[in-house]
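Data block below; observations after.
Ligands are counted one by one from 1 in listed order, and the atoms in each one are counted from 1 as well.
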Amino acid sequence: MTLGPGRYDVAIVGGGLVGASLACALSPLGLKVALVEAVTFKTASQPSYDDRTLALSASSCRILEGLGIWPSLARHATPIREIHVRELDRPGRVIMKPGELGLDRFGHVVEAREFGAAMMEAIPRLEKLDFHCPASVTSVSTGENFARIDYSDGKDEVSIEAALLVGADGANSFVRESLGIQAELHDYRQSAVICNITPDEEHRGRAFECFTPTGPFAVMPHVNGRCGLIWCVPSNEVDTLMAMPEPDFLYQANTRFGGHLGKFLQMGKRSSYPLRLVRAAEDVRSRAVILGNAAHAIHPIGAQGFNLGLRDVAVLAEILADEIKLNPRADPGQVAALQRYSDWREPDQRGTIAYSDGLARIFSNSSPLAATARTAGMLAHAFIPPLRRQLAVRAMGFRGRIPRLALGEPL
Ligand SMILES: Cc1cc2nc3c(=O)[nH]c(=O)nc-3n(C[C@H](O)[C@H](O)[C@H](O)COP(=O)(O)OP(=O)(O)OC[C@H]3O[C@@H](n4cnc5c(N)ncnc54)[C@H](O)[C@@H]3O)c2cc1C
């Protein structure tokens, strides 16, 4: 059946990291897709494609290869060859090496902005995809046979219809709220300050995560000898850290990091993000699904947020692909298939949220009991290889039932 103008099989609200990835996954299935994004990709205020460095697990890199995005990203990607985990001023350190899993890297680090550039190249080539941007969604509703999406392009109000509405519009999801889906919120009372930073010594692909009482301090290997710094501080200290003169910032960062890569010599522009856990109570409604940060926004402590969202994308695309193989005229918004998506994703989402939330809470707990538990945990992971392997497998994003794209197989 050919759909008329303004009618789609799938309408994705939010063209950020997760929504745009889903558009790349669905286009080869022959579905007519609308991708509706409020902010153009090149704009400095684009909230998804900004300066943050993203650690992508090995499974995410495979998914991106399957979506055809990896070739444009690869030249900006830095392999992660070791992960060093420790707690500030306490004994014990875990060094994870991918060789323990028979691999030569855990994944790659890529700047979110490069991701936006890769998407700008990919999107115009996608067949049967209409990219509505800038287009800020102002109303969504679902009916028996289709969902309706209204947006403003700055001049006019436009309405489109789709058999399936996908909310990929981030942690403050308008789609989630409009569908009446409740969400659990937890304010970590921390903010992450990020910037590029250049150390004295070569990083040689080493990623460092240091847990401190005020949140993690992570240094990710990046291109041209640079590293990506993520420094979490209590919310009431973020303004001071953002306004601190560069020499003072570098001094403080060097003191905290302890010279593992020599001294930090230079730094780039700083940005800050308040940290909250957002977990939707449901992710599927008749003719609608929410995914990525719209369904679960997590603390960046384990660098899992986008990796988790990409697995949502891989599973939804696989379920729709299988439906279409069985029946080329299958309705992509039928609730039975969406429920299969939800059931498949639930254990991975629950486990990943519990892992990052648990880490964030235990490492900011100042009680002596929690400190002892942390040291014991760290030492256990340092000396018991199966535990370390478990941690490494999680870091690489291979757990539970693995979607075909993450295995390097076609949809
Ligand atoms: C400091 C920091 C470091 C991180 N590091 C990592 C990491 O190393 N690895 C990792 O896997 N994850 C990491 N993450 C998490 C990752 O950034 C998120 O998981 C990811 O951005 C989620 O993508 P998304 O597309 O779901 O949402 P978003 O990135 O929030 O994108 C939502 C999109 O929807 C659009 N939108 C919103 N409302 C509307 C509307 N009404 N109409 C139209 N469009 C709309 C927005 O403009 C935006 O483009 C980190 C997060 C932070 C804060």
Have [X] and [Y] got a donor and an acceptor in their side chains that come within less than 3.5 Å?
X	Y	value
N145	E161	no
D150	T138	no
H186	D357	no
Y151	H132	yes
Q46	D50	no

Below 3.5 Å, N or O to N or O, backbone or side chain included: is there any such pair between [X] and ligand 1?
X	answer
I230	no
N293	yes
S136	no

Nearest to [atom], what protein heavy atom do you find, and at what distance?
atom	answer
atom 31 (O) of ligand 1	S48 OG, 3.5 Å
atom 42 (N) of ligand 1	V137 N, 3.0 Å
atom 25 (O) of ligand 1	V18 N, 2.9 Å
atom 6 (C) of ligand 1	L54 CD2, 3.6 Å
atom 21 (O) of ligand 1	L17 CD1, 3.3 Å
atom 45 (C) of ligand 1	A38 CB, 3.9 Å
atom 9 (N) of ligand 1	A55 O, 3.2 Å
atom 38 (N) of ligand 1	D169 CB, 3.8 Å

Using a strict cut-off of less than 4.0 Å between a Lys/Arg side-chain nitrogen and an Asp/Glu carboxylate oxygen, indicate whether [X] and [Y] qualify as a salt bridge.
X	Y	value
D322	R340	no
R206	E82	no
R345	D348	yes

Would you indicate which of [options] comes nearest to [atom] when only heavy atoms are counted?
atom	options	result
atom 17 (O) of ligand 1	M220, H299, H132, R52	R52
atom 48 (C) of ligand 1	E37, Q304, R276	E37
atom 5 (N) of ligand 1	T53, L22, T40, I12	T53
atom 4 (C) of ligand 1	G107, P300, G228	P300

Taking only heavy atoms of [X], which atoms of ligand 1 are found under 4.0 Å from at least one of them?
X	result
P47	46 (C), 47 (O), 48 (C)
G292	26 (O)
I194	1 (C)
A135	42 (N), 43 (C)
V36	43 (C), 44 (N)
A303	7 (C), 8 (O), 9 (N), 10 (C), 11 (O)

Does ligand 1 have an atom under 4.0 Å from some heavy atom of [X]?
X	answer
G309	no
I298	no
A297	no

Practice problem: Indicate, as side chain, backbone, both or neither, the part of A168 found under 4.0 angstrom from ligand 1 when only non-hydrogen atoms are considered. | Solution: backbone
Quiz item: What do we get for Y273 next to ligand 1 when only non-hydrogen atoms under 4.0 Å count, side chain, backbone, both or neither?
Solution: side chain
Sequence neighbours excluded and cut-off under 3.5 Å, please list the side-chain donor-acceptor pairs for residues 162-175, or say none.
| from | atom 1 | to | atom 2 | distance (Å) |
| --- | --- | --- | --- | --- |
| D169 | OD1 | S173 | OG | 2.6 |
| D169 | OD2 | S173 | OG | 3.4 |
| D169 | OD2 | F174 | N | 2.9 |
| D169 | OD2 | V175 | N | 3.0 |
| N172 | OD1 | R276 | NH2 | 2.8 |
| S173 | OG | V175 | N | 3.3 |
| S173 | OG | R176 | N | 2.8 |

Quiz item: Got a second to check how far D200's CG is from L265's CG, nearest 0.5 Å?
Solution: 5.0 Å
Output side-chain donor-acceptor pairs under 3.5 Å for residues 19-30, partner residues at least two apart or in another chain, one line each.
| from | atom 1 | to | atom 2 | distance (Å) |
| --- | --- | --- | --- | --- |
| S21 | OG | L17 | O | 2.5 |
| S27 | OG | E127 | N | 3.2 |
| S27 | OG | E127 | O | 3.0 |

Quiz item: Taking atom CD of Q182 as the centre, does the number of heavy atoms from other residues, nucleotides or ligands within less than 6.0 Å exceed 12?
Solution: no
Quiz item: Does the side chain to side chain contact (heavy atoms under 4.5 Å, CB included) test come out yes or no for L320 and Y341, once each step is laid out?
Solution: CA-CA 9 Å; L320 294 181; Y341 161 83; over 6 Å; no
